[in-house]
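Data first, discussion second: the structure below is written as structure tokens.
For clarity, every value in this text was computed on a predicted model and none was experimentally measured.
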Amino acid sequence: MFSQDIGYVLRRGVAEIIVEDELSELLRSGKKLRLKEGFDPSFPDIHLGHMVSLRKLHQFQELGHQIVLIVADWTAQIGDPSGMSATRPILSMEQVKANAETYMKQFFKIVDRKRTEVRWQSEWFGKFTLNDIIQLTSKFTIAQLMAREDFSTRYSAGRPITMTELLYPLLQAYDSVAIQADVEFGGTDQKFNLLVGRELQSMVGQRPQQIFLVPILTGTDGSQKMSKSLGNYIGVAEPPEEIYGKVMSIPDSLIMDYFESVTDVPDEELEEFGQGLKSETINPMVLKKRLAREIITQLYDQQAAAEAEEHFVKVFQKREVPEEIKEYHVHLSAGIGLRDVLVETHLARSRSEANRLIAQGAVSIDSEKVTNNVAPVQSGSIIKVGKRRFAKVINADIITS
RNA sequence: GGAGGGGUGCCGGAGUGGUUAAUCGGAGCAGACUGUAAAUCUGCCGCCUGAAAGGGCUACGCAGGUUCGAAUCCUGCCCCCUCCA
């Protein structure tokens, strides 16, 4: 396994390490390191973008180190100021717990549970007093905080910044102190926060943590960073078919980045891929298929990957009907329109939408294109909308009578 | 305390009395094409009704008002932001 190799771990899919020499030395010293990873319980779903750093954590685990996963139940209430995140609703304790559970289920798909320690921010922030806050805040100046790009751009653009947002990096930094982190992981957009952690640790006499930054993965739209709110994400908990399809839909320009960041396909092979793409001797589609298989194999297994591929080939490349189609029981009384059937089978959200779909020629029944609402639907009919949405209609009246 | 700016459809953002269900961009959906659910091109993109043509209803922070007619004018209320102090 390549991940056993320190050199590989420090090089592959890494954006920046602060301070690289120190980290390298620490790794070779044989000391068991505490690797910090935080998670905001407002967003319990993990996608490929998160997987980049989680894979790194896993690689460190394989080298014998300890992960400390922090459930950021306090800072979640503030919201990371990166981007223009609006004030978010404050989560109830139950929600936080439920989200944490969802998160960990996905987290441990990638990371080894045995070498992970889970800590809640409330363990230390629950006891925080005003005095502690004053102590903490007096260590930093506005100028220091405004050095962060997010803040300064927002400030000069006349957009609001709340005091609590300014507090966010400090609290995150304090987490590092509380758990005595040796290394903290994050995307490049976390650089500022992680540096504050370093600073605070040295102020209180701890050895400053090393900072391990991974590249931000671009979403399936090919332009913005992968995020759930933008809808351009591939979730690690999604079914294999869905992951496969989404990988196939990324723009060709992203192929190499994905291979680099979320797979362990050896560098030499990636070199070949890159050359092939440039000289157009490799069909990008073939690489995307490989990429999809690699990702699904990590999250599920090889068989799931093979099945997802089969499904894709069948439905999208050959335009055939998939094996498994969701069935819906519909009352096929005389005079029921196709529109109603589309709504009943969730293929259309409203009858107006169903109208449009029919008018656009998107609907077919048993492979026959349908052009109006009076088309006959029978029990057992397979209705297809667009390229990929299918439903099988079962006459509910037959079942019940 | 003072001055000013703003709340529009999933998001961003036009629109200051009249074919405005509301320019445009993004997202989404569909069609064509294709080497892919890439790219590109085209269309659609509130709800209900109709086989269709069409018809109806609801919408521009909230509540009233002016008017033949309002997202656009007036009044009150709620909310957000900036600057000065």
Side-chain angles (χ1 to χ4, degrees), chain A residues 48 83-88 153-163 165 218-235 238-259 273 276-277 279-293 295-296 308-320 322 334-343 346-365 369-377 383-390:
Chain A
L48 251 47
M84 47 211 66
S85 52
T87 347
R88 55 184 73 186
T153 29
R154 278 165 71 188
Y155 188 74
S156 45
R159 274 180 289 142
I161 301 168
T162 63
M163 306 252 302
E165 283 179 288
T218 305
T220 52
D221 59 345
S223 56
Q224 284 172 289
K225 79 169 193 176
M226 184 175 285
S227 94
K228 192 169 187 192
S229 49
L230 292 171
N232 60 358
Y233 69 101
I234 303 178
E238 293 190 72
E241 281 170 18
E242 203 59 29
I243 295 175
Y244 197 98
K246 284 189 179 182
V247 172
M248 293 307 286
S249 80
I250 65 169
D252 296 348
S253 59
L254 253 43
I255 293 174
M256 293 313 294
D257 285 348
Y258 275 47
F259 266 111
F273 291 173
L277 282 176
S279 59
E280 296 186 359
T281 49
I282 298 181
N283 182 340
M285 179 195 62
V286 174
L287 290 185
K288 285 205 243 179
K289 282 184 163 182
R290 168 77 185 275
L291 180 62
R293 285 197 307 270
I295 291 167
I296 296 168
E309 179 158 296
E310 212 173 295
H311 176 266
F312 181 85
V313 170
K314 191 167 187 173
V315 177
F316 297 105
Q317 296 192 295
K318 297 190 183 158
R319 297 286 168 89
E320 290 172 4
I336 188 168
L338 177 56
R339 276 202 283 262
D340 300 297
V341 177
L342 289 175
V343 173
H346 301 286
L347 291 171
R349 235 166 295 182
S350 66
R351 308 186 60 184
S352 295
E353 186 178 287
N355 263 338
R356 283 178 227 124
L357 289 169
I358 295 168
Q360 288 178 128
V363 182
S364 61
I365 300 175
K369 188 181 265 193
V370 175
T371 50
N372 64 58
N373 184 35
V374 289
V377 181
I383 302 179
K384 180 184 179 196
V385 171
K387 294 193 187 83
R388 53 183 293 226
R389 290 148 65 210
F390 297 88

- request: Tell whether R290(A) reaches the base of U36(B) with its side chain through a donor-acceptor pair below 3.5 angstrom.
  value: no
Closest to side chain of S350(A), choosing from C47(B), C33(B), A30(B): C47(B)
message: Between Q317(A) and U36(B), is there a contact of a side-chain N or O with OP1 or OP2 at under 4.0 Å?
response: yes
- prompt: Expressed in whole Å, how much space separates the C1' atoms belonging to A37(B) and A27(B)?
  reply: 16 Å
message: Classify E280(A) by what it touches in the nucleic acid, base, sugar-phosphate, or nothing, heavy-atom distance under 4.0 Å.
response: nothing
task: Round to the nearest Å and state the distance from K288(A) atom NZ to G35(B) atom C1'.
output: 10 Å
query: Which value, in whole Å, describes the distance between the C1' atoms of nucleotides U72(B) and A14(B)?
result: 13 Å
message: Distance check, C1' atoms only: U82(B) and C74(B), in whole angstrom units.
response: 27 Å
message: Counting only side-chain nitrogens and oxygens, does R356(A) get under 4.0 Å of the OP1 or OP2 atom of C47(B)?
response: yes
query: For the side chain of R339(A) and the backbone of R351(A), is there at least one donor-acceptor N/O pair under 3.5 Å apart?
result: no
message: Between the base of G43(B) and the side chain of Q360(A), is one N or O donor paired with an acceptor at under 3.5 angstrom?
response: yes
query: L254(A) has an atom CG; how far is it from atom C1' of A37(B), in whole Å?
result: 15 Å
query: What is the nucleic acid contact for N355(A), judged by heavy atoms within less than 4.0 Å: base, sugar-phosphate only, or nothing?
result: base
query: Considering only the C1' atoms, how many Å lie between U23(B) and A71(B), rounded to the nearest integer?
result: 14 Å
task: Send over the distance from I358(A) CD1 to G50(B) C1', rounded to a whole Å.
output: 12 Å
- request: May I have the distance from K314(A) (atom NZ) to A37(B) (atom P), rounded to whole angstrom?
  value: 17 Å
- request: Look only at the side chain of Y258(A) and the backbone of T218(A), and say whether a donor-acceptor pair between them is shorter than 3.5 Å.
  value: yes
- request: Would you sort out whether I358(A) and L342(A) count as a side chain to side chain contact (heavy atoms under 4.5 Å, CB included), showing the intermediate values?
  value: CA-CA 10 Å; I358(A) 295 168; L342(A) 289 175; 4.0 Å; yes
- prompt: C1' atom, C79(B) versus U8(B): distance in rounded Å?
  reply: 15 Å
- line: Paired to G25(B) by Watson-Crick or G-U wobble criteria (both distances under 3.5 Å) is C11(B)
- prompt: OP1 or OP2 of U49(B) less than 4.0 angstrom from a side-chain nitrogen or oxygen of R339(A), does that happen here?
  reply: no
task: Using only heavy-atom distances, determine whether the side chains of S352(A) and S350(A) contain a donor-acceptor pair under 3.5 Å.
output: no
message: Has N232(A) got a side-chain atom pairing as donor or acceptor with T220(A)'s backbone, closer than 3.5 angstrom?
response: no
- prompt: Is R388(A) touching bases, backbone alone, or none of the nucleic acid, heavy atoms closer than 4.0 Å?
  reply: base
field: Pairwise C1' distance for G31(B) and C45(B), with rounding to whole Å
entry: 14 Å
message: Only pairs with both distances under 3.5 Å count, Watson-Crick or wobble alike; so what is the partner of U16(B) in this structure?
response: none
message: Could you identify the nucleotide paired to U82(B), looking across every strand shown and requiring Watson-Crick or G-U wobble geometry with both distances under 3.5 Å?
response: A3(B)
query: How would you label the contact of G245(A) with the nucleic acid (heavy atoms, under 4.0 Å): base, sugar-phosphate, or nothing?
result: base
message: For a quick check of understanding: with a heavy-atom distance under 4.0 Å over all strands, which category does P251(A) fall into, base, sugar-phosphate or nothing?
response: sugar-phosphate
message: Checking base pairs now: Watson-Crick or wobble, both atom distances under 3.5 Å. What partners A53(B)?
response: none
- line: note: M248(A), atom CE; A38(B), atom P; distance rounded to Å ~ 10 Å
statement: Separation of G35(B) atom C1' from M285(A) atom CE, nearest Å, is 5 Å
task: Would you indicate what I255(A) reaches in the nucleic acid, counting non-hydrogen atoms under 4.0 angstrom: base, sugar-phosphate, or nothing?
output: nothing
task: Indicate, with a heavy-atom threshold strictly under 4.0 Å, whether Y244(A) touches base, sugar-phosphate, or nothing.
output: nothing
message: Can you check the distance between G13(B) and G26(B), where both ends of the measurement are the P atom (answer in whole Å)?
response: 16 Å
query: Expressed as a whole number of Å, how far does the P atom of G46(B) sit from that of A21(B)?
result: 13 Å
message: Under a 3.5 Å cut-off for both contacts, is C73(B) paired Watson-Crick or G-U wobble with anything, and if yes, with which nucleotide?
response: G65(B)
- prompt: Which of parallel (below 30°), tilted (30 to 60°) and perpendicular (above 60°) describes F312(A) and Y244(A)?
  reply: tilted
statement: R351(A) has its side chain closest, among G50(B), A30(B), A37(B), to G50(B)
- prompt: Watson-Crick or G-U wobble partner for U34(B), using a 3.5 Å limit on both distances?
  reply: none
query: Checking E242(A) side chain against P239(A) main chain: does a donor-acceptor pair fall under 3.5 Å?
result: no
- line: Assign each of F312(A) and R349(A) the nucleotide of RNA chain B bearing its closest heavy atom; nearer the 5' end lies the nucleotide of R349(A)
- request: May I ask you to evaluate whether S352(A) reaches the phosphate of U49(B), defined as a side-chain N or O under 4.0 Å from OP1 or OP2?
  value: no
message: Here's a test of your reading of the structure: between N373(A) and K369(A), which maps to the more 5' nucleotide of RNA chain B?
response: K369(A)
message: Distance check needed: U36(B) C1' versus H311(A) NE2, whole Å only.
response: 15 Å
- prompt: Roughly how many Å is it from CD1 in I243(A) to P in A37(B), rounded to a whole number?
  reply: 19 Å
message: Please determine whether a side-chain nitrogen of the Lys or Arg among K289(A) and E309(A) lies less than 4.0 Å from a carboxylate oxygen of the Asp or Glu.
response: no
